[in-house]
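Every value quoted in this text rests on a predicted model; they were computed, and no experiment measured them. Each chain gets a letter, A, B and so on, in the order the sequences are listed, and its residues count up from 1.
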2 protein chains.
Amino acid sequence: MSLSYAILGLLSYRPMTGYSLKEVFDNSISHFWHAHLSQIYRELSRMEENGLVASEVQQREGRPDRKVYQITSRGEENLQSWLVSFPQKLVMSYNDEFLLRLYFGGRIGRDEILFQMTKYRKETESRLNHFQSLYRVIEDFSKKAGGPEDRLYWELTLDLGVQLLRANLEWIERALEKIKSGDDPLKKSPG
Amino acid sequence: MSLSYAILGLLSYRPMTGYSLKEVFDNSISHFWHAHLSQIYRELSRMEENGLVASEVQQREGRPDRKVYQITSRGEENLQSWLVSFPQKLVMSYNDEFLLRLYFGGRIGRDEILFQMTKYRKETESRLNHFQSLYRVIEDFSKKAGGPEDRLYWELTLDLGVQLLRANLEWIERALEKIKSGDDPLKKSPG
DNA sequence: GAATTCATGTAACTTGTTACATGATTTA
DNA sequence: TAAATCATGTAACAAGTTACATGAATTC
């Protein structure tokens, strides 16, 4: 289960609560990994049972208690051995609901498709904007934790996220034109 | 659950067994949707309970029985209303184990990263080759089922799959160079 | 003779998703 | 004063994964 390695890796930079782990997931690795808060809490409990992490409850006046998790030496070993083992099977389970609809586009009207595609473009654009703002987050974070080596790899993964979104947007433009030109009665039956 | 819509959509072209549905998943929509055979069987049972599909057992001499599923009118309605409803939340759960390792690349040696990246490139290349062979599958299939409209959309989804893989490969080349040049002691501290 | 394909599923388990429950502090 | 943020989780269910079980026909 890769989620536990994602958690171990992030805890290897600094101890964190489940809540703050979720923030890092959303801000720093959302371009290639997503997890729900409830998943993170469940996984942390399991990992503590297995001795991969250890928790300490911090009581603070007024504000609610925080349960701060840190990686154990066993957790470090676990992480390390995972990092150097290239997966036998590359899991690439890319299930895309929008593409599933588009595949069956022949079953609905072109206007509906154009409408959905335009919405999809808007969403993709805002995701691209979000990703581009993450370079700043990496810069800030590399000053606090990790070294210049870490920063190289953080930026590389983000580069891919940005490039894939750009390729996606280029495809959207071409697809819109293809669909529109198919809609043009002059081009449908020439002569 | 989008799996049931994928099944309904495919059954709307022609009746199929669970086994042949799996083949279509792997050959025709694998670039944006993946499902295990056991998932398909489970989902078909559930859908039959809900009246979205109906099955008929065909007995054949010598060979094992086949359970052929077809879409019901209720299933058609179900599919149609899903197709015209743009999702409130675009599910983009893209979890990539390779990128997760790369993100933590600072924790392992550069040689290991280069080794894994090279393997990743090889896998990505073979996926691209597979995708490119699917245009032929679409061509063949559009002669048997569906019309020219369907073919446009089938090709569009495949176009995206191909373009994303190409963008991925371009990124790999650049990433390899960046990692290698960071490894070069001459570039590390000039002078 | 061994492996692959066709064809059906069940069982056990892990992961992902959504809703619920609680409650203080801060910001709009 | 309403909403958002911080902070913890549980419960219930849906979806994804892997292993097991069966057995004929075909291909290597």
Side-chain angles (χ1 to χ4, degrees), chain A residues 1-7 15-27 29-30 32-50 52-53 55-69 87-97 100, chain B residues 1-7 15-27 29-30 32-50 52-53 55-69 87-97 100:
Chain A
M1 30 174 148
S2 300
L3 175 59
S4 72
Y5 298 113
I7 292 174
M16 272 181 274
T17 66
Y19 190 86
S20 50
L21 269 168
K22 169 62 174 164
E23 286 177 321
V24 177
F25 267 82
D26 289 347
N27 292 321
I29 65 172
S30 63
F32 61 84
W33 209 273
H34 171 264
H36 287 263
L37 190 50
S38 63
Q39 251 179 298
I40 293 173
Y41 282 128
R42 182 173 55 187
E43 195 63 36
L44 280 170
S45 308
R46 223 180 289 176
M47 289 163 75
E48 190 163 28
E49 277 176 36
N50 297 331
L52 302 175
V53 297
S55 69
E56 192 194 346
V57 176
Q58 287 183 357
Q59 278 150 330
R60 300 167 307 159
E61 310 97 68
R63 268 169 286 167
D65 295 355
R66 341 166 60 220
K67 205 170 180 178
V68 181
Y69 286 90
Q88 326 78 323
K89 260 188 180 177
L90 264 190
V91 203
M92 278 278 210
S93 59
Y94 175 65
N95 285 13
D96 189 318
E97 198 182 322
L100 184 60
Chain B
M1 25 169 153
S2 300
L3 175 59
S4 72
Y5 298 112
I7 292 174
M16 273 181 275
T17 66
Y19 190 87
S20 51
L21 269 167
K22 169 63 173 164
E23 286 176 321
V24 177
F25 267 83
D26 288 347
N27 291 320
I29 65 173
S30 64
F32 62 84
W33 209 272
H34 171 265
H36 287 263
L37 189 51
S38 62
Q39 251 179 297
I40 293 173
Y41 282 129
R42 181 174 54 189
E43 196 62 38
L44 280 170
S45 309
R46 222 179 288 175
M47 289 163 75
E48 189 164 28
E49 277 177 35
N50 297 330
L52 302 175
V53 297
S55 69
E56 193 194 346
V57 177
Q58 287 183 356
Q59 277 150 332
R60 299 168 309 160
E61 310 96 71
R63 269 169 286 167
D65 293 355
R66 341 166 61 223
K67 205 169 180 180
V68 182
Y69 286 89
Q88 326 78 322
K89 260 188 182 178
L90 263 191
V91 202
M92 278 279 209
S93 61
Y94 175 63
N95 286 15
D96 189 317
E97 199 182 322
L100 184 59

Rounded distance (Å) that lies between atom [atom2] of [N] and atom [atom1] of [X]:
X: B/Gln59; N: C/dT8; atom1: CD; atom2: P; answer: 13 Å
X: A/Gln39; N: D/dG16; atom1: CD; atom2: C1'; answer: 12 Å
X: A/Arg66; N: D/dA7; atom1: CZ; atom2: P; answer: 5 Å
X: A/Asp65; N: C/dT22; atom1: CG; atom2: C1'; answer: 13 Å
X: B/Leu44; N: C/dA7; atom1: CG; atom2: P; answer: 15 Å
X: B/Tyr69; N: C/dA7; atom1: OH; atom2: P; answer: 14 Å
X: A/Leu37; N: C/dA19; atom1: CG; atom2: C1'; answer: 13 Å
X: B/Lys22; N: C/dG9; atom1: NZ; atom2: C1'; answer: 15 Å

If you compare every side-chain N and O of [X] against the phosphate oxygens of [N] (OP1, OP2), does one of them come in below 4.0 Å?
X: B/Tyr41; N: C/dG9; result: no
X: A/Thr17; N: D/dT8; result: yes
X: A/His36; N: C/dG16; result: no
X: A/Tyr19; N: D/dC6; result: yes
X: B/Lys67; N: C/dG9; result: yes

- Within the modelled atom types, does a donor on one side and an acceptor on the other bring the side chain of B/Ser38 and the base of D/dT18 under 3.5 Å apart?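 Side chain to base: pair present.
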- Message: For the backbone of B/Leu3 and the side chain of B/Glu43, can you confirm whether one donor and one acceptor N or O come within less than 3.5 Å of each other?
- Response: no
- Message: Tell me whether A/Lys22 contacts the main-chain N or O of A/Ser38 through its side chain, where contact means a donor paired with an acceptor under 3.5 Å.
- Response: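 Not at all, since once roles are kept as given, no pair shorter than 3.5 Å links the two residues.
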- Message: With nearest nucleotide decided by heavy atoms, which residue, B/Arg42 or B/Ser20, maps closer to the 5′ end of DNA chain C?
- Response: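 Its nearest nucleotide lies further toward 5', so the answer is B/Ser20.
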- Are B/Thr17 and B/Lys67 close enough, and set up right, to give a side-chain contact (heavy atoms from CB on, under 4.5 Å), and what steps lead you there? CA-CA 6 Å; B/Thr17 66; B/Lys67 205 169 180 180; 5.8 Å; no
- Task: Have a look at A/Gln58 and say if it touches a base, only the backbone sugar-phosphate, or nothing, with a 4.0 Å heavy-atom cut-off.
- Result: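 If one applies the 4.0 Å heavy-atom cut-off, A/Gln58 turns out to touch nothing in the nucleic acid.
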- Query: If you round to the nearest 0.5 Å, how far is CD of A/Glu49 from CZ of A/Arg46?
  - Reply: 8.5 Å
- Spacing of B/Ser45 atom OG and B/Asn50 atom CG [to the nearest 0.5 Å]: 11.0 Å
